[in-house]
Asker: 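Can you keep this structure in mind? I'll have questions shortly.
Throughout, protein chains are lettered first and strands after them, A, B, ... in sequence-line order, and every chain is numbered starting at 1. Computation of the quantities below employed the complete heavy-atom set of this structure, encompassing side-chain atoms and omitting hydrogens, waters and symmetry-equivalent molecules.
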Number of protein chains: 2
Amino acid sequence: MVRTRTRDEILVVAAELFTHHGFKGTSLQDIAAGVGCSKATLLYHFESKEAILTELVAPAAQELADLVAYLTTLEAAAAQEAAIEGFVDLVLRYRREAALIYDGTPQFLDQPMFAGLRPLTDTLCAAFAGRSTDRAACVAAEVLLGGIAGVAIDKAIEAGDDELRRALVDVAKRALITPHPKD
Amino acid sequence: MVRTRTRDEILVVAAELFTHHGFKGTSLQDIAAGVGCSKATLLYHFESKEAILTELVAPAAQELADLVAYLTTLEAAAAQEAAIEGFVDLVLRYRREAALIYDGTPQFLDQPMFAGLRPLTDTLCAAFAGRSTDRAACVAAEVLLGGIAGVAIDKAIEAGDDELRRALVDVAKRALITPHPKD
DNA sequence: GTCTATAACGAGATAGAC
DNA sequence: GTCTATCTCGTTATAGAC
């Protein structure tokens, strides 16, 4: 896995195109045109189209794993808050990668390509729910988890947007942290 | 547009396959195999692959349009509640169709196929936000709108699930309806 | 390391027999 | 109304020259 200029540029262009048109919707032709090289050059640097995607997603997956590992060291309430803030932060920093992983099919996490990601999101979702097994709490956690990811993916804002960050954290806390349930 | 037995079966099989593997991930071959006919038969009944999808989505799109039209007759607070309950109901009844429309790309609503859907979801989102133009309120509305749709799409529950329905409505109201904002 | 050329395949769609 | 056969195109991937 040697790093070269072309190789890096392929990753940049592929990220851009995958983000906008999806993995299936982007061909090697498209990537090659964006880079200004041939398809053969792409496949000289990467074993396959999937290999490009896997490498793009790797750092985000690693950070997600780190976050989840950290959450397991906390008790429920602290883990809930840390999960919310950590996930919002993560998904804002890795918008593109999040969009790549979520390709629109329900079983997107069950593809062999992303094996190992599902247990991470499950643990994260449990943390969002404050480790409660109550159905409503779990549903709420799923709604917020998916909703936050979706909004972050949609936003084409480039640099860190603190206002968006705060809005996402706030809505999640409002929806999930219920100090005095009504009845 | 004459109704026949084969035609209806094509729609059923296509809905099933599109839901599980996405539109791009399903070929005419796959549909033909499921129906037990040839690709040519598919294209005798439908002008194109897209035409199948368009017809599958049509009733859901119509109901969404009806809901949005109804919302415009209400003032902000009533529209907000009606939007939440109406959307949850709609998306639970049309899980499959929702999954078809949302193909995973950010611009899925901007495809020519679904032209006219975007203004509807924009109005719906505004209703979710209580017609507020505050950034945080808009972000929260987007999170809940997308999150609810995502959860409903993921759930493979068949018949009406009142518990899920209540959970979705509740989390949305908790997150969006803020009678006394903190400061 | 990059290219052109092409293989090998699958896609959507069409033609025409039955 | 359904079929087989075929067309055309785009896809991923490979071969081999430079």
Asker: Going by the rule side-chain hydrogen bond (donor to acceptor under 3.5 Å, both in side chains), which residues pair with B/Q62 if we only count those two or more places apart in sequence or in a different chain?
Answerer: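 Partners of B/Q62 under the side-chain hydrogen bond (donor to acceptor under 3.5 Å, both in side chains) test: B/D66.
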Asker: Within the 4.0 Å limit for protein heavy atoms, which parts of nucleotides 2-18 of chain D are touched? Write it as a string from 5' to 3', B for base, S for sugar-phosphate only, - for none.
Answerer: BBB------SBBBB---
Asker: Do A/E16 and A/R96 meet the salt-bridge criterion of a basic N to acidic O distance under 4.0 Å?
Answerer: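 Salt bridge: yes.
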Asker: Which residues pass the side-chain hydrogen bond (donor to acceptor under 3.5 Å, both in side chains) test with A/E63, not counting sequence neighbours?
Answerer: A/R93, A/Y94
Asker: Any salt bridge linking A/E75 with A/R131? Criterion: basic side-chain nitrogen under 4.0 Å from a carboxylate oxygen.
Answerer: no
Asker: Do A/L92 and A/L168 have side chains that get closer than 4.5 Å, going by heavy atoms?
Answerer: yes
